[in-house]
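A quick write-up on the structure given underneath.
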Amino acid sequence: MNLHLVRPKNISPTSLRNQGYNLINLLQSPSTTTKQLKQIHVQLLLRNSRSHSILYLHNSMLLAYANSPTPNDAFAFFATQMGHLPWDKYSLQFLLKASSKSKSLIHATHVHLMTIKLGFASYTTLMNAILCCYALCDQLQDARNLFDVMPHRDIVSFNSMIHKYAESGNMDDAFHLFQQVPAPNVITWTTLVFGFSSNGDLSAAREVFEWMPERDVVSWNAMISGCVQNQEPVEALQLFRLMLTQNVNPNSITLCSVLSACGSLGALETGKWIHVFVNKNRFRLNPFLGSALIDMYSKCGVMDLAVEVFRCLEGQNLCTRNALINGLAMNGHAEQALDMFNKMVDDGFRPDEVTFVGVLLACSHGGFLEIGTRHFYTTMKEFGITPVLEHYACMVDLLGRSGLLMEAEKVIRNMPITPDEVVWRALLGGCRLHKNVDLAEKVVIEIEARGSGDYVLLSNLYASVGRWEDVEKVRKIMKHRGIKKRPGCSSIEVDNKIHEFISGDNSHPRYAAICEKLEELGMKMSEDGFSAETSVVLYDIEEEEKEQALGHHSEKLAIGFGLISTVPGSTLRIVKNLRFCIDCHNATKFISNICNREIVVRDRTRFHHFKDGICSCRDYW
DNA sequence: CTAGGGTTAG
């Protein structure tokens, strides 16, 4: 692009105007580079017209800078060029946009003062922008003070204020203000839905959603994503179906949320249906939709389709790459995950902390001790990434499963940040794997466990080495402290419907048939000499769980149901909320062989792909 | 050109 410097003297009025339009086009085009902005800046310095068209040009310059990666340049331009030339409320508006982007409280305050001084306080639009800018700079009280003294408040003022309260977790003030809105519109109601759900009160959000006089696609999106973020994916899918029956057209944002729900449920059929919907309705495969699709396929254990989507995307960004790396790592394709990472770095893309969670996860699942250690101690540093809790958890897991329990403990003791229970539990996992009871006891004390998972793990560990008195002791502690074991829950999707099974629950309509099937399999298994040490492993701590020792862990129920309700030979996909139980893992290997089925189970941390009696985790999880 | 909804980890 050629930018000719204009010498004002030699230029006719017409060509000046044309030149102005060209510059405005450039200023308003998103593809104009910062360098070009600077060239235009220089050109404008050579002019000194006081006409209205130059004002428009100057304002365009401000806006272009505000939208650029260096928004503060807008202020430099304003100070040097516009001090002695006319400017108006739009100039201030764009300066505010620049303040917002750079989160500059000083600039916002400065514009606020100018606004008051010049008698622009009655321009509500401008005042609203100032209000938003204060809130963005975490000065919620300043925003509220401004709100209270504004000569006029319109619906935008109210909505902004309510939204900022909601965002900061202050639903009391948000709701109080909502009640004062003279005529709430759809946006106001939606803000309230968003507020309640993002503060964890899904039922309040749902109530508002039902109450609101009308709903548009954004309202539906707020409600659906609220369900997803509050771990209610089933409700999210139900709402999505309801939305379709009410003839509200979903957009790509809706689909992102719904795909995320499918992922957490392992609902492959529904996920595929949405993928078809995406194609049929010609949605662009942007990075958002792309990541959501990759994640959905990954979490359903279908990596070839995840890779296929990755290849078809219009554009890649950090998220799409991270989604694929993590998917590969979770599904046990450790080498491919690392290849992907290396390629990304070779191509000059900067990994972030999420990338390294995936990389370390891959090393952990692949048992790549050296590579993982190098990435943790060297590569991350090279990219200027400070390890966070998740990285430590991965690293402890990697050391632990490699049998380096002492090193793992040392890593935790030397952490510059306080280890959380996830980190400690990673070490506990290593203790379980290598049957190190002493360290496990120490770790459990460290955790000051609030959840019961740690005690259960410890108790299982005692059981696995035959220390029954200790098993009993832990049971008593749990009872004494009122700690409940989190029930195991597994789900399977059959004919687009999610069936949930809770450990020991017999409420499923086909419960009897499921038991019959499991019994039949149990017979075959014992004929083949499958009993091994199950009595040891199955000894559990709660009375009611002894009943489940008969083969009614949630994953077994789900597998039994899958076997009797799908066509022979088809793949079973199951999602479990806890760690895979050892006995069930053994049984599933066996079942995959005698029933000639591929069985994919996603547990709390990773995937198990069973085929012909073998599991992809190599019995190492 | 001021107000509402989105993807990736654990």
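Convention: sequence-line order gives letters A, B, ...; per-chain numbering from 1.
Heavy atoms of Asp352(A) sit nowhere under 4.0 angstrom from any nucleic acid atom. Residue-level contact check: Thr320(A) touches neither bases nor backbone, having no heavy atom under 4.0 Å from any strand. Counting non-hydrogen atoms under 4.0 angstrom, Asn286(A) reaches a base of the nucleic acid. Using a 4.0 Å heavy-atom distance criterion, Ser260(A) is classed as a sugar-phosphate-only contact. Base contact: Thr125(A) has a heavy atom under 4.0 Å from a base atom. Within 4.0 Å of Ile155(A), counting heavy atoms only, lies at least one base atom of the nucleic acid.
Between Gln316(A) and Phe310(A), the closest side-chain pair of non-hydrogen atoms falls below 4.5 Å.
Every residue two or more places apart in sequence or in another chain was checked for a ring pair (Phe, Tyr, Trp, His ring centres under 6.0 Å) with Phe175(A), and none qualifies.
Two rings, from His112(A) and Tyr134(A), have their centers less than 6.0 Å apart. Side-chain rings of His176(A) and Tyr165(A) stay apart, their centers remaining 6.0 Å or farther from each other. Taking the six-membered ring wherever Trp is involved, the centroid distance between the rings of Phe158(A) and Phe147(A) falls below 6.0 Å.
Residues Lys343(A) and Asp347(A) are paired through a salt bridge, judged by an N-O separation under 4.0 Å between the basic side chain and the carboxylate.
Interface limits on DNA chain B: the 5'-most and 3'-most nucleotides within less than 4.0 Å of chain A heavy atoms are dC1(B) to dG10(B).
Near DNA chain B, meaning a heavy atom under 4.0 Å away, the residues from residues 168-188 of chain A are Asn185(A), Val186(A), Ile187(A). Less than 4.0 Å separates DNA chain B from at least one heavy atom of each of the following residues of residues 189-199 of chain A: Thr190(A), Thr191(A), Phe194(A).
No donor-acceptor distance shorter than 3.5 angstrom exists from the side chain of Lys299(A) to the backbone of Cys262(A), with no hydrogens or angles considered. Of the possible donor and acceptor atoms, one in the side chain of Asn342(A) sits under 3.5 Å from a partner among the backbone N and O of Leu338(A).
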Exercise answer: donor-acceptor pairs, residues 209-216 of chain A side-chain atoms, under 3.5 Å, sequence neighbours excluded:
{"residue": "Glu210(A)", "atom": "OE2", "partner": "Arg206(A)", "partner atom": "NE", "Å": "2.7"}
{"residue": "Glu210(A)", "atom": "OE2", "partner": "Arg206(A)", "partner atom": "NH2", "Å": "3.1"}
{"residue": "Arg215(A)", "atom": "NH1", "partner": "Phe209(A)", "partner atom": "O", "Å": "2.5"}
{"residue": "Arg215(A)", "atom": "NH1", "partner": "Met212(A)", "partner atom": "O", "Å": "3.4"}
{"residue": "Asp216(A)", "atom": "OD1", "partner": "Val218(A)", "partner atom": "N", "Å": "3.1"}
{"residue": "Asp216(A)", "atom": "OD1", "partner": "Ser219(A)", "partner atom": "N", "Å": "3.0"}
{"residue": "Asp216(A)", "atom": "OD1", "partner": "Ser219(A)", "partner atom": "OG", "Å": "2.8"}

Side-chain donor-acceptor pairs under 3.5 Å in residues 59-66 of chain A, sequence neighbours left out?
{"residue": "Asn59(A)", "atom": "OD1", "partner": "Ser91(A)", "partner atom": "OG", "Å": "2.7"}
{"residue": "Asn59(A)", "atom": "ND2", "partner": "Asp88(A)", "partner atom": "OD1", "Å": "3.1"}
{"residue": "Ser60(A)", "atom": "OG", "partner": "Tyr56(A)", "partner atom": "O", "Å": "2.9"}
{"residue": "Tyr65(A)", "atom": "OH", "partner": "His41(A)", "partner atom": "ND1", "Å": "2.8"}

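A pairwise comparison of heavy atoms in Val111(A) and Leu96(A) identifies CG1-CG, 3.7 Å as the closest pair.
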